[in-house]
Amino acid sequence: MAPMIPDVTALMGEREFTLVRRLIAEYAGIKIGPQKRYMVHNRLTRRLRARGMDSFSDYLNLVLDDVSGEREAFVNALTTNLTAFFREPHHFGLLRARALIHRANERRPMRVWSSACSTGEEAWSIAMTLRDAECPAEVVGSDIDTDALDYANAGLYPQDRATSLTPAQLRAHWLRGVGDNHGWISVRPQLRPMVSFMQLNLQAQRWPTMEPFDAIFCRNVVIYFDRDAQRHLLTRFATVLRPKGLLAVGHAESFPASLAAFQPCGRTAYEFIPG
């Protein structure tokens, strides 16, 4: 007999929605507006069904207790993963120009951090840019969502996700699937060693020890943080970004301007000039 699928048709109550908003802010620094109840309901309904539950209150008690690891799945469910290869391409032109200078003047690999890498397209785009510039490099991709990181680390994507890649980029950096893998692309072995992925909550009290970076991409994530959290994150970036390093932010973001050490150097791009 097939297992019963719980009926989760009633919209979560105001009390449960308020608790969800508090918990996701506490766990991930994400601010969810009061108008997002339907979105939250739909995403968490999947978790209730996966757990065989029909009560949002009982489910949130499970998240609070975290005995079964549900807190991680809760955060994953409410994390928005919207990304693409070479999204906001002007940043990659800036990165390429800096990579050429780095290659000519430095003996060490260029280090770049994709700090909210989602399913990995940004990190792989950075790696492609640096490899095309023949610049030895280390790319670190991080995200709070462990499901997205698994996807990113696999380096395997449906071909329709690669429409922004040129034929030359596809030939140089990707393998096309055949047989059962037709319609998929996989990152070439030559590119894979350049990129590593790790879980990181940008709002965590402590970050792992990291070598300084020459560039940090933090795009379309701080829009979910309040102003105090944005400024705090910016001061932390300053501790891991090399002098004259690049900080690239989202197309509608200007939060680095709140710290004088970050000077505009292009469209939604800033150079770190410590005092």
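Nothing here was measured: the structure is a model prediction, and the numbers come from that model. Throughout, residue positions are numbered sequentially from 1 according to the sequence presented.
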Might you confirm whether atom CZ of Arg188 has over 12 heavy atoms from other residues, nucleotides or ligands at distances under 6.0 Å? yes
Step through the shown structure and confirm whether more than 12 heavy atoms of other residues, nucleotides or ligands are within 6.0 Å of CG on Asp65. yes
Evaluate the side chain to side chain contact (heavy atoms under 4.5 Å, CB included) criterion for residues Leu234 and Leu247: first the C-alpha distance (whole Å), next the side-chain angles of each, then the deciding distance (0.1 Å), finally the verdict. CA-CA 10 Å; Leu234 193 60; Leu247 176 62; 3.7 Å; yes
Under 3.5 Å, side chain of Glu70 to main-chain N/O of Val63, donor-acceptor pair present? no
Applying side-chain contact (heavy atoms from CB on, under 4.5 Å) to Ala152 and not counting sequence neighbours gives Phe197
Partners of Arg236 by side-chain contact (heavy atoms from CB on, under 4.5 Å), sequence neighbours excluded? Trp207, His232
Quick one: do the [X] and [Y] side chains pair a donor with an acceptor below 3.5 Å?
| X | Y | value |
| --- | --- | --- |
| Glu16 | Thr18 | no |
| Ser118 | Asp145 | no |
| Asn220 | Glu88 | yes |
| Trp174 | Ser186 | no |
| Ser68 | Arg51 | yes |
| Thr146 | Gln199 | no |
| Arg87 | Ser125 | no |

Identify the two heavy atoms, one from Arg98 and one from Gly245, that lie closest to each other, and give their separation to 0.1 Å. NH1-C, 4.0 Å
With the 4.5 Å side-chain cut-off for hydrophobic clustering, are [X] and [Y] part of the same group?
| X | Y | answer |
| --- | --- | --- |
| Leu100 | Met128 | no |
| Val139 | Leu241 | no |
| Tyr59 | Tyr27 | yes |
| Leu202 | Leu23 | yes |
| Leu95 | Ile101 | no |

Tell me whether the rings of Phe85 and Tyr157 are parallel (<30°), tilted (30 to 60°) or perpendicular (>60°). perpendicular
Can you tell me how far apart [atom1] ([X]) and [atom2] ([Y]) are? Round to the nearest 0.5 Å.
| X | Y | atom1 | atom2 | result |
| --- | --- | --- | --- | --- |
| Thr235 | Leu259 | OG1 | CG | 7.0 Å |
| His91 | Ile126 | NE2 | CD1 | 10.5 Å |
| Ile24 | Ile32 | CD1 | CD1 | 6.0 Å |

Closer than 4.0 angstrom, basic N to acidic O: yes or no for [X] and [Y]?
| X | Y | answer |
| --- | --- | --- |
| Arg219 | Glu253 | no |
| Arg111 | Asp214 | no |
| Asp226 | Arg231 | no |
| Arg108 | Glu211 | no |

Sorted by first residue and then second, give each ring pair (Phe, Tyr, Trp, His ring centres under 6.0 Å) pair with at least one member in residues 245-269; sequence neighbours left out. Phe262-Phe272
Pair Glu138-Val140, side chain to side chain contact (heavy atoms under 4.5 Å, CB included): steps then yes or no: CA-CA 7 Å; Glu138 299 169 356; Val140 177; 5.7 Å; no
Here the salt bridge (Lys or Arg N to Asp or Glu O under 4.0 Å) pairs for residues 191-210, sequence neighbours left out, are none
Taking only residues two or more places apart in sequence, or in another chain, which ones meet Phe217 in a ring pair (Phe, Tyr, Trp, His ring centres under 6.0 Å)? Phe92
Ring pair (Phe, Tyr, Trp, His ring centres under 6.0 Å) partners of Phe17, counting only residues at least two apart: none
Within-4.5 Å side-chain heavy-atom neighbours: Thr45 and Met12: no
Show your reasoning for whether side chain to side chain contact (heavy atoms under 4.5 Å, CB included) applies to Val20 and Arg37. CA-CA 10 Å; Val20 168; Arg37 191 189 301 194; over 6 Å; no
Just one of His173, Arg96, Gln169 clears the side-chain hydrogen bond (donor to acceptor under 3.5 Å, both in side chains) bar with Asp132, so which one? His173
